[in-house]
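Here the structure is laid out as structure tokens; the discussion comes afterwards.
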Amino acid sequence: MIRELLHKGLIAQAFAELRARGAAFPGEGYCDRIDALRTEFAYMSDFMMQGYRDDSRGQLFADLTQRLLAMDYDLTMRETLLSNPYVVSAVKALTARDSSDEALQEALRRPAGAEEHWRILSDTFVLLLTSGHWQDRQMESWRDYIASADTDMVDAATLTAAIMMSAICNFSSNKVRCLMDVYALSANEKVRQRAFAGALLAIEAAGVDKRAETAVLLDSLLSTEEAQMALVEMQIQMTACAKAESDSTEINRKIMPDLLKNQQLRFTKDGIVEREEMDDSLDPDAEERRMEAMTEGVNRIIEMQKNGSDVFFGGFSKMKRFPFFYKLVNWFTPFYSGHPGLNIEIKSFSSRDFVGKVTERGPFCDSDKYSFIIAMAGVVGQLPENVRKMMEEGQVAPMGIRMDGEAEPTASLLRLHFLQDMYRFFRINPLGTMLRNPFDHAASYRLWTIAAGSVSDSVRRVISSYIQRDRRIEEGGEIYDAARQVMESYSDKESLDYKSCRAELIMRGGKGSPREAMGLFAECLNMKPRDASLMRGMARACYAARSYDKAAFYFDALHTLFPKRISYKLNYIMSRVRHGEAENVVNDMYKLEYENPDNQAVRNMLGWVLLCAHREDKALTVYQRLLQSVEARGDFSVCLNALYAFMVNGRVQEGVDMMQQHRQTLDAEQQRHFPETLVEAMREDEDLLKAYGIGMAERSIVASQFVHE
């Protein structure tokens with residue numbers, strides 16, 4: 001509101017608005033500051049109204065405007081963060097101390113015991129978090145302190161997080177500039193990645209109304225290839241973090257029950273013992289099946305973790321109720337074993353090998369490392385002696401731990417762990433749940449769309465390709481809009497990257513003509529002939545545009561390039577069938593089925609080709625054999641074509657009974673909408689059915705068999 005009033009030149013209204021807001025906090029000096037600025041403006045006005053010329057008037061007015069914006073920022077901070085019940089008590093406790101930048105930094109540099117230093121760091125965290133508008137001098141002061149090689153890494157990383165949180169809650173260009181400079185100047189990778197993530201998230205949170213300011217910042221932050229690729233990674237990492245709860249559900253419901261059921265070891269009062277061999281005396285293969293099931297479950301979790309999934313969220317989210325996490329700063333403090341809040345817990349372990357291995361090499365974010373140590377300290381005394389000894393000697397370690405000789409964590413992994421810390425704060429901490437959560441927009445690729453204008457076309461191509469692989473793009477909405485925004489940000493709209501991106505968007509998003517996509521792909525192939533991805537796009541565009549002869553040409557060319565890719569051969573045959581050449585490709589299909597006897601898709605295609613070639617009896621034989629497989633009976637495509645085969649052979653009731661069995665494999669929602677699904681599918685195959693004299697009446701009668709009053 002204030003920014004808009006000042007932009008329009010309505011300074012008197014801005015004064016009135018600020019005065020009304022300041023009056024809500026009597027005794028805190030806001031009204032005095034506003035009145036002083038209003039008096040200054042009155043002098044400036046009187047001087048002009050009396051006819052005096054002042055060459056510095058423009059500069060004085062600009063300075064006054066900036067101070068009004070600073071007042072607006074300070075009041076906004078007071079109205080939001082400083083009024084929050086989870087922050088206000090901490091701030092009130094600090095009112096008596098000197099909170100100047102110089103005093104805080106001097107206190108942090110001063111030699112002190114671990115507890116005293118941590119108290120100073122905690123106070124400084126709160127003061128930076130709730131700090132008002134920053135002048136250039138403050139920005140430079142904290143930048144120099146945090147980026148200095150003399151500053152302890154824990155201090156630097158913690159204070160970086162404080163500035164980030166402050167800038168996310170209330171955008172400040174100088175706080176973002178501080179983070180950007182720390183990213184550029186710091187020699188510590190953990191601090192650099194925190195600063196990079198913080199700057200991007202603060203810019204993303206600023207929104208459209210501050211786009212003029214943030215565009216300049218983004219151009220500077222993303223001026224290097226390293227930063228642009230880090231942006232690409234960070235969006236993918238945030239998307240993975242945002243899926244933490246659904247991933248945890250999958251692990252808890254589908255993976256962990258099997259792991260627990262098949263575990264070979266049992267905890268007893270005498271220690272860990274193996275499952276008795278006699279349990280398997282009646283089933284000699286049971287042991288092998290248990291091992292396979294456990295291996296499959298563990299490998300699935302490891303695969304999820306490698307793909308960026310936050311596989312530890314489900315367990316560690318329940319360990320954030322310890323008193324340790326009542327202190328806000330502890331959510332953002334890098335793990336260090338000397339933390340005063342861990343003194344009692346660390347001493348619970350007679351050996352530090354276990355603590356060191358978990359905290360230095362474990363695949364956990366920092367807040368989970370604190371949770372792990374605190375939780376284990378509470379139960380270590382209750383564990384069997386042999387288990388405790390193995391842990392303390394470092395012989396037992398969590399899944400995913402870094403082995404001897406493995407490389408140190410990469411910049412990407414350090415950034416991911418920080419994002420996981422943040423996700424936990426915003427999902428679990430009472431203060432975090434009251435603030436705008438930056439992960440709420442991760443699934444709509446918000447980070448990429450706001451930064452699309454500040455990256456190179458080659459990076460835009462990487463981003464576009466990723467978004468267009470998202471299945472949700474076909475639904476339109478946010479995902480389609482994100483892809484379109486990235487595409488429209490291309491600087492060279494005659495380039496191969498732009499044209500191919502636009503063609504793909506037409507095909508994936510379903511908005512536009514397939515013929516337009518064909519033209520674009522043709523232009524791209526002129527620039528880069530025989531490119532497989534472009535040929536693939538061209539083949540799909542031709543098929544969608546019903547240019548089946550051209551589609552067959554490109555699918556055939558792709559199969560020549562990639563003879564092991566059966567899908568290209570199947571699409572080539574399908575295109576020829578659509579072009580009216582079903583009879584000519586029957587032998588090709590028989591040969592393909594002979595070469596791939598266990599491929600369900602190939603056999604399904606054989607039956608469909610036989611139907612199109614009016615060899616309905618042979619088609620029914622194929623489907624009767626295919627339906628002996630449980631997997632096939634659960635595949636709607638197979639069952640639909642089999643239904644056609646039964647219908648065209650005059651065995652409609654058998655076809656309906658078969659489809660009823662398939663319907664029983666679906667969930668309740670799918671069963672309820674099954675008649676509509678079937679009607680739509682038969683409409684898409686209208687040409688084939690018409691060739692057999694099956695029209696709307698017959699289709700309606702079949703669909704009605706699946707409606708239950």
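Just so you know, residue 1 is the first one in the sequence shown, and it goes up from there. Any value given below was found using the heavy atoms of this structure, including those in side chains, with hydrogens, waters and symmetry copies removed.
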Can you find a heavy atom in the side chain of [X] that is under 4.5 Å from one in the side chain of [Y]?
X	Y	result
Y336	H339	yes
Y370	N330	no
R194	Y183	no
M180	V176	yes
M165	L435	yes
F418	D366	no
V459	L231	no
Y445	D470	yes

Between [Y] and [X], is the closest basic N to carboxylate O distance under 4.0 Å?
X	Y	answer
D492	R460	no
R484	E488	no
D457	R461	no
E140	R143	no
D150	R109	no
D55	R53	yes
R436	E204	yes

Closest approach of [X] and [Y], non-hydrogen atoms and distance?
X	Y	result
S131	M77	O-CE, 3.3 Å
T130	V126	OG1-O, 2.8 Å
A167	A202	CB-CB, 3.7 Å
D497	S458	OD2-CA, 4.0 Å
L179	A195	O-CB, 3.2 Å
A157	P334	CB-CG, 3.4 Å

To the nearest 0.5 Å, tell me how far [X] [atom1] sits from [Y] [atom2].
X	Y	atom1	atom2	answer
D136	C178	CG	SG	11.5 Å
I374	K369	CD1	NZ	14.0 Å
R38	L18	CZ	CG	9.5 Å
L201	H441	CG	NE2	11.5 Å
L108	I146	CG	CD1	10.0 Å
E106	D101	CD	CG	12.5 Å

Among side-chain atoms of [X] and [Y], is any donor-acceptor pair under 3.5 angstrom?
X	Y	answer
R427	T433	no
T410	S412	no
N170	T80	yes
N174	H133	no
R177	S172	no
Q193	E189	yes
S56	D54	yes
Y423	E245	yes
D421	W331	no
Q235	T239	yes
T333	K327	no

Handout entry: Aromatic ring pairing F332/F125, orientation class (parallel under 30°, perpendicular over 60°, tilted between)
Key = parallel
Handout entry: Sub-6.0 Å ring centroid separation between H417 and F364
Key =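 Aromatic pair excluded; centres sit 6.0 Å or further apart.
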Practice task
Would you please indicate yes or no on a ring centroid separation below 6.0 angstrom for Y73 and W134?
Solution key: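 Centroid separation for W134 and Y73: 6.0 Å or greater.
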Problem - Test salt bridge (Lys or Arg N to Asp or Glu O under 4.0 Å) applied to D72 and R78, R21, R3, the passing residue - result: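 Considering R78, R21, R3, a salt bridge (Lys or Arg N to Asp or Glu O under 4.0 Å) with D72 is found only for R21.
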Practice task
Establish, yes or no, whether the cationic atom of K210 lies under 6.0 Å from the six-membered ring centre of F171 and within 45° of the ring axis.
Solution key: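 Output no; distance or angle outside limits.
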Practice task
Ignoring hydrogens and angles, tell me if any N or O in the side chain of R472 forms a donor-acceptor pair with the backbone of I479 under 3.5 Å.
Solution key: no
